[in-house]
Amino acid sequence: MADIEVLLSEEQIAARIKTLASEILAVYGDEPITVICVLKGATIFASDLLRALGPEHAIEFLGVSSYKGTKSTGHVRITHDLAASLEGKHCLVVEDIVDTGLTLAYIVKSLSVRGPASLRVASLLDKPSRRQVPVHVDFTGFTIEDRFVIGYGLDLDQRFRGLPYIGIYGGE
Ligand code: IMP
Ligand code: MG
């Protein structure tokens, strides 16, 4: 059995997503949003957020993979591209966590040239102490310390994504 300490409970996450959705809707007004879910970590958060936003919004999926070497510059590439054009759409990139910022910086750079009417970012978690490149996060669920977290979509070698809460992995 893995030793996991609960950092954010199911209830805390659900309550924050409700308020986050209100904060997001206050900015977009009646404009339909294209939610861009970053695979795979953001899938659970994006599904709950989409339902909290209401029925008029679209969802798209973007797969990226990042390789972090010893150098400060990570290499990021798109493994699954969006099915729809972003031309003239109000886009909200939905991430699980912003750590060094390298993945998000690459995503924003790649999507901003596709002609969206607007491009904003929502991340469930943010670890600002780990930042290597500046990135702007418009909507943050929770700001956390520099701890490796799992659950609610976040994995450790593909494990634990199905945990309903966010925890800190302490070994087996
Ligand atoms: P960044 O490019 O360093 O900002 O990394 C972002 C990605 O690294 C996230 O989308 C996650 O997939 C992964 N990641 C960063 N920190 C954690 C963590 O604490 N737990 C699980 N995955 C993480
Ligand atoms: Mg991710």
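Each ligand, and each atom within it, is numbered from 1 in the order the structure gives. Please read all numbers here as calculations on a predicted model, not as lab measurements.
Using a 4.0 angstrom heavy-atom cutoff, Ile150 does not count as in contact with ligand 1. Under the 4.0 angstrom criterion for non-hydrogen atoms, Arg130 is not in contact with ligand 1. Heavy-atom distances between Leu104 and ligand 1 stay at or above 4.0 Å for every pair. Taking a 4.0 Å cut-off on heavy atoms, Gly101 registers as neighbouring ligand 1. The shortest heavy-atom distance from Asp155 to ligand 1 is under 4.0 Å.
Scored by the side chain to side chain contact (heavy atoms under 4.5 Å, CB included) test, Pro164 finds Glu10 as partners (sequence neighbours excluded).
Taking a cut-off of under 4.0 Å to the non-hydrogen atoms of Lys127, the atoms of ligand 1 that pass are 16 (N), 17 (C), 18 (C), 19 (O). Those atoms of ligand 1 with a heavy atom of Thr103 less than 4.0 angstrom away are 1 (P), 2 (O), 5 (O), 6 (C). Residue contact check: Leu102 has heavy atoms under 4.0 Å from atoms 2 (O), 4 (O) of ligand 1. Near Arg147, meaning under 4.0 Å from any of its heavy atoms, are these atoms of ligand 1: 19 (O). Near Leu154, the atoms of ligand 1 lying under 4.0 angstrom from a non-hydrogen atom of the residue are 20 (N), 21 (C), 22 (N). Near Glu95, meaning under 4.0 Å from any of its heavy atoms, are these atoms of ligand 1: 10 (O).
Under 4.0 Å is where a charged nitrogen must lie from a carboxylate oxygen, and between Asp81 and Arg114 at least one such pair does.
In this structure, the side chain of Glu31 does not engage the main chain of Tyr28 through any donor-acceptor pair within 3.5 Å. Counting only distance, with no hydrogens or angles, the side chain of Asp126 and the backbone of Thr143 share no donor-acceptor pair below 3.5 Å. Side-chain atoms of Lys18 never come within 3.5 Å of backbone atoms of Ala52 as a donor-acceptor pair (strictly under, hydrogens ignored).
Summarising the contacts of atom 3 (O) of ligand 1 with Val133, Leu39, Thr100, Ile144, the nearest heavy atom is found in Thr100. By heavy-atom distance, the residue among Asp99, Ile97, Val38 lying nearest atom 13 (C) of ligand 1 is Ile97.
You'll find the side chain of Asp138 stays beyond 4.5 Å of the side chain of Val27, heavy atoms only.
The ring pair (Phe, Tyr, Trp, His ring centres under 6.0 Å) analysis of residues 130-166, with sequence neighbours excluded, yields the pairs Phe160-Tyr169.
Of the candidates Ile166, Leu154, Ile44, Thr43, Leu154 is the only one forming a side-chain contact (heavy atoms from CB on, under 4.5 Å) with Asp96.
Looking at ligand 1, you won't find any N or O of Val98 less than 3.5 Å from one of its N or O atoms.
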In sequence, state the C-alpha distance, the side-chain angles, and the governing distance for Leu50 and Val94, and then conclude on side-chain contact (heavy atoms from CB on, under 4.5 Å). CA-CA 10 Å; Leu50 182 70; Val94 173; over 6 Å; no
